[in-house]
Amino acid sequence: MPSAKTQPARGMRDFLPVDVRKREYVIGVIKSVYERYGFEPLETPAVENIETLMGKYGEEGNQLIFKILKRGEHEKTGEADLALRYDLTVPLARVVGQYQNELPKFFKRYQIQPVWRADRPARGRFREFYQCDVDVLGSRSMVVEAELIAAASDALVALGFNDFVIRVNHRQVLIGLGDRAGIRHDHIEPALTTIDKLDKIGVEGVEKELSARIGPTSTTKLVDFFRELASLDQAADIASEEASAMKEKALNAAILGRLVEFVGDHEKGSRGVEDLRSIIELSEGTSAARRIRLDPSLARGLSYYTGAIIEINVSDLTGSLGGGGRYDNLVGMFLGKDVPACGFSLGLERIIVVMSEREMFPPELISSPADVMVTIWNEDSIAESIALATELRREGLRVDLYPEADKMGKQFKYASSRGIPFVLILGDDERAHGELAIKNMKSGEQIRLPFELLKTSPQRNVQHADDQTVKSKRNIEALLKWLRNGSKAGEAGDSIKPGA
RNA sequence: GCGGCUAUAGUUCAGUUGGUUAGAACGCCUGACUGUGGAUCAGGAGGUCGUCGGUUCAAGUCCGACUAGCCGCCCCA
């Protein structure tokens with residue numbers, strides 16, 4: 001039989017148990033932080049009607065949407081009527097349009113689900129990937145921005161990150177900058193994507209590219225502005241090497257000052273600058289305070305942003321760990337009436353890439369399929385092993401039962417290879433004495449404990465007499481105690497988690 | 001979508017100017033060990049050299065296309 005290709009489709013991945021454990025761990029941490037901020041869970045279908053998605057992400061986005069051909073007789077035409085969702089924000093806007101009257105005045109939701117983009121795969125970039133979104137609908141207050149930034153920051157801190165930078169900018173400020181520099185309106189978009197590359201290609205690179213796109217006069221004005229910002233940064237570096245918190249604060253203040261100067265009385269632009277000022281002030285008491293960094297060169301590709309835009313970066317990742325912003329007009333595209341909204345999305349895959357490379361995952365996460373493994377001595381003792389496993393499971397332990405009456409060596413080797421810290425043996429000798437042998441796989445220590453349960457038949461075990469229950473309980477307790485103490489002695493046992 | 005690099009055992013990699021039967025380490029399996037993993041020793045299995053085509057008496061080696069991966073560009077979580 002010819003073997004079919006076993007790789008998953010390009011840009012898609014299988015998740016083996018270790019991978020799933022990592023993912024569930026990260027998702028669990030993020031979820032609990034989000035809930036701590038009062039966000040509620042939402043889920044939406046993988047597939048949306050194609051017109052729901054088209055035209056929401058800009059030119060580039062449209063091309064990256066995975067489209068689903070019409071079924072049946074229309075199949076040949078190549079026409080698509082459905083598509084896989086490209087992000088979680090547009091589906092949210094649709095949901096708000098649909099259930100407006102059933103949702104609270106301020107709808108705070110989180111959503112952790114996969115999205116699909118027909119992008120070219122790269123490090124930390126896949127065609128199917130999870131986003132961890134939080135959004136607040138119904139308020140124009142900058143308190144929302146501050147809360148979202150704080151939540152994302154808390155989540156990353158809870159995962160063990162300490163070196164991320166939260167870059168913040170504002171679409172209206174960008175428009176103000178463009179107008180003041182005299183850029184034609186249809187040139188603003190390309191100018192922004194060029195400016196966004198500032199940290200990558202440097203001022204000279206930007207100057208060159210801008211000049212080609214928008215002409216020399218506007219370019220000079222803009223580039224001079226960003227040159228000045230860069231010199232502010234350097235000055236701050238020299239001024240306060242030690243107190244980085246102070247540096248950030250001073251630098252943000254200086255950038256705000258320059259923005260006010262440059263934008264002047266430009267209506268949209270100056271309002272945007274005030275928004276930025278509010279966000280920084282409101283974030284003062286949060287975990288994000290000393291990580292926020294105003295960055296007038298931040299643009300972000302998605303076309304639906306209208307106000308603040310936010311991105312979180314770490315130095316060892318080219319892309320971002322997450323991003324978001326305000327999109328006050330998106331819901332209006334579904335509802336006919338604008339609902340203010342702002343959201344942020346953490347990229348699960350990128351978080352995992354960085355955490356894996358930095359070895360930030362708790363060690364017991366990597367391999368701890370079970371707390372203890374019960375061996376099977378021979379065909380005749382299978383029932384006793386099952387009874388023992390059952391009893392321990394009832395106590396909340398994660399118990400692996402070796403499925404075959406293999407040689408002991410094989411069973412031990414198996415337990416060892418899976419990193420299971422304790423192995424239980426019910427051999428002829430143990431059973432003859434009503435005992436049970438426990439081996440600590442880390443230390444090699446092995447002891448025996450009396451075990452009344454073994455004297456009862458498996459059938460009766462389910463509903464054994466009261467005194468036997470008591471004895472059995474006592475023995476289980478002794479066993480659990482040993483497992484726990486053993487776990488303190490050997491490092492392996494950190495993964496022992498008796499039922500809570 | 002564009003440019004560069006890479007593809008040999010489960011894994012990491014050797015493999016000479018093209019030349020018989022493609023190697024190592026680690027891992028895996030079996031045994032020494034008829035009640036015990038990790039250590040040691042002995043043995044064993046495992047490769048259509050990414051795929052297809054071309055050059056040649058002869059291709060893992062040279063050429064082309066395709067596929068997958070890595071790095072840049074573009075874009076993004």
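All chains are named by letter (A, B, ...) in the order of the sequence lines, taking the proteins before the strands, and each is independently numbered beginning at 1. Computed from heavy atoms alone, side chains included, the values below leave out hydrogens, waters and symmetry copies.
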Can I get a per-line list of side-chain donor-acceptor pairs under 3.5 Å for residues 339-346 of chain A, giving both atom names and the distance, sequence neighbours left out?
from: A:Ser345; atom 1: OG; to: A:Asp133; atom 2: OD1; distance (Å): 2.7

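Figure legend: cation-pi geometry between A:Arg127 and A:Phe66 absent, as NZ or CZ is not positioned both under 6.0 Å from the six-membered ring centre and within 45° of its axis.
We find that CG of A:Leu64 is positioned 9 Å from P of B:C76, with the value rounded to whole Å. Atoms OH (A:Tyr305) and C1' (B:C76) sit 11 Å apart, rounded to a whole Å. Atoms CZ (A:Arg167) and C1' (B:C76) sit 13 Å apart, rounded to a whole Å. At whole-Å resolution of the value, CZ in A:Arg85 and P in B:A77 are 15 Å apart. Atom pair A:Asp87:CG and B:A77:P shows a separation of 8 Å (rounding to whole Å applied). In this entry the distance linking CD of A:Gln113 with P of B:A77 reads 17 Å, nearest Å. Rounded to an integer number of Å, the gap from A:Phe126 CZ to B:C76 P is 18 Å. Atom CG of A:Asn313 is separated from atom C1' of B:C76 by 12 Å (rounded to the nearest Å).
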Across nucleotides 26-41 of chain B, 5' to 3', mark each nucleotide with B, S or - according to how protein heavy atoms within less than 4.0 Å reach it.
---SSS---BBBB---
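A side-chain N or O of A:Asp135 and one of A:Tyr327 form a donor-acceptor pair less than 3.5 Å apart. Under the 3.5 Å distance criterion, with hydrogens and angles disregarded, no donor-acceptor pair is assigned to the side chains of A:Tyr414 and A:Asp406.
B:U6 is paired with B:A68 under the criterion used here, namely a Watson-Crick or G-U wobble arrangement in which both key atom distances are under 3.5 Å. Across all strands shown, B:C73 forms a Watson-Crick or G-U wobble pair, both distances under 3.5 Å, with B:G1. Using Watson-Crick or G-U wobble geometry with both donor-acceptor distances under 3.5 Å, B:A24 finds its partner in B:U12. Using the Watson-Crick or G-U wobble rule with both distances under 3.5 Å, B:A45 pairs with nothing in any strand shown. Nucleotide B:A59 has no partner under the Watson-Crick or G-U criteria, as no pair reaches both atom distances under 3.5 Å. Nucleotide B:U36 forms a pair with no other nucleotide shown, judged by Watson-Crick or G-U wobble geometry with both contacts under 3.5 Å.
Using P as the reference atom, B:A24 and B:A14 are 16 Å apart when rounded to the nearest Å. Annotation: B:G69 and B:G60 have their P atoms spaced 26 Å apart (nearest Å). Going from the C1' atom of B:A7 to that of B:A65 covers 16 Å, rounded to whole Å. Rounded to whole Å, the C1' atom of B:G10 lies 26 Å from the corresponding atom of B:C5. Rounded to a whole angstrom, the distance from the C1' atom of B:C26 to that of B:C63 is 36 Å. Nucleotides B:G3 and B:A22 have their C1' atoms positioned 34 Å apart, rounded to a whole Å.
A:Met441 has its side chain out of reach of A:Ile420: every pair of non-hydrogen atoms, C-beta onward, lies at least 4.5 Å apart.
A donor-acceptor pair under 3.5 Å links the side-chain atoms of A:Arg85 to the main chain of A:Pro114, judged by distance alone.
For A:Glu349 and A:Arg23, the salt-bridge test passes: some basic side-chain N is under 4.0 Å from an acidic carboxylate O.
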